[in-house]
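Quick note: numbers below take in every heavy atom, side chains included, and nothing from hydrogens, waters or symmetry partners.
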Amino acid sequence: MDKSRQAELKREYKENRPAAGVYRIKNTVNGKIFIGSSVNVNARINRHKAGFAFLDSHELPALIADVKEFGRDSFAFEVLELLEGEYDSDTALRDDLKLLEEMWLEKCAPYGDNGYNVR
């Protein structure tokens, strides 16, 4: 691949970068929440939903236990905040995303009886 094509593909990727942000999964029965983040927040939410369909494949055992008890329809998915602006590197994007997630974790405290996050 020539350098001009490589530069064009890089530019297209930056212009069409998936939405990065912080999301919440909320149990609408008991109020427990999970806070997470992803460089592709919509794809991550979809992976959680797929994990709910195949209950043994999800990485959050307490959350899956409640899905089994209350059913998949008892959970709401919400994007809390998206990162805005241009990023020169994936590292800078991930650093800002981690900081944004930490702010939401502090604000919501989704631990123990309040949620599914693990410290």
Side-chain angles (χ1 to χ4, degrees):
M1 179 181 313
D2 67 32
K3 290 199 182 268
S4 64
R5 178 68 179 142
Q6 203 171 20
E8 179 184 342
L9 289 172
K10 188 174 182 180
R11 181 188 50 76
E12 286 177 15
Y13 170 76
K14 284 183 177 183
E15 289 174 1
N16 298 309
R17 179 175 276 167
V22 176
Y23 63 93
R24 172 176 59 195
I25 302 172
K26 182 176 183 178
N27 181 325
T28 60
V29 176
N30 64 17
K32 284 185 163 187
I33 63 172
F34 173 78
I35 301 292
S37 67
S38 176
V39 294
N40 187 340
V41 72
N42 294 319
R44 184 64 182 125
I45 287 172
N46 286 336
R47 281 194 303 277
H48 278 295
K49 290 178 180 179
F52 283 15
F54 304 99
L55 294 176
D56 295 331
S57 69
H58 204 279
E59 68 270 11
L60 299 166
L63 178 58
I64 286 304
D66 280 359
V67 172
K68 288 178 180 178
E69 181 177 348
F70 301 112
R72 289 182 282 177
D73 292 336
S74 297
F75 291 83
F77 297 81
E78 177 184 12
V79 175
L80 296 173
E81 191 169 350
L82 296 174
L83 283 179
E84 302 291 332
E86 297 286 324
Y87 286 87
D88 292 330
S89 71
D90 287 343
T91 301
L93 173 70
R94 289 179 192 280
D95 288 347
D96 280 0
L97 186 58
K98 188 65 179 165
L99 180 61
L100 187 62
E101 180 182 12
E102 288 171 6
M103 289 169 40
W104 278 99
L105 287 168
E106 185 176 320
K107 178 179 181 177
C108 297
Y111 308 104
D113 291 339
N114 294 328
Y116 303 105
N117 288 80
V118 179
R119 290 184 191 224

CA sep, side-chain torsions, deciding dist, call: I35, L80, side-chain contact (heavy atoms from CB on, under 4.5 Å): CA-CA 9 Å; I35 301 292; L80 296 173; 3.7 Å; yes
Partner set under side chain to side chain contact (heavy atoms under 4.5 Å, CB included) for A76, not counting sequence neighbours: T28
Residues which pass side chain to side chain contact (heavy atoms under 4.5 Å, CB included) with A43, listed by chain and number, not counting sequence neighbours: N40, R47
Salt bridge (charged side-chain N to carboxylate O under 4.0 Å, His left out) partners for E69, two or more places apart: none
Co-membership, hydrophobic cluster, residues L82 and I45, 4.5 Å side-chain: yes
Atom pair OH/CD1 of Y111 and I33 - distance to nearest 0.5 Å: 9.5 Å
Pair listing, ring pair (Phe, Tyr, Trp, His ring centres under 6.0 Å) test, anchored in residues 17-41, at least two apart: Y23-H48, F34-H48
Sequence neighbours excluded - salt bridge (charged side-chain N to carboxylate O under 4.0 Å, His left out) pairs with any residue from residues 22-32: R24-E78
Sequence neighbours excluded, every pair satisfying salt bridge (charged side-chain N to carboxylate O under 4.0 Å, His left out) that has a member inside residues 104-119: none
Counterpart residues, side-chain hydrogen bond (donor to acceptor under 3.5 Å, both in side chains), relative to [X] (two or more places apart):
X   : answer
D2  : S4
N42 : none
N27 : N30, Y116

Name each donor-acceptor pair under 3.5 Å that joins a side chain in residues 92-104 to protein atoms two or more places apart or in another chain, with its distance.
residue, atom, partner, partner atom, Å
D96, OD2, Y87, OH, 2.8
E101, OE1, S37, OG, 2.8
W104, NE1, E81, OE1, 2.9

V29 vs D66, side-chain contact (heavy atoms from CB on, under 4.5 Å): CA-CA, chis, key distance, verdict: CA-CA 10 Å; V29 176; D66 280 359; over 6 Å; no
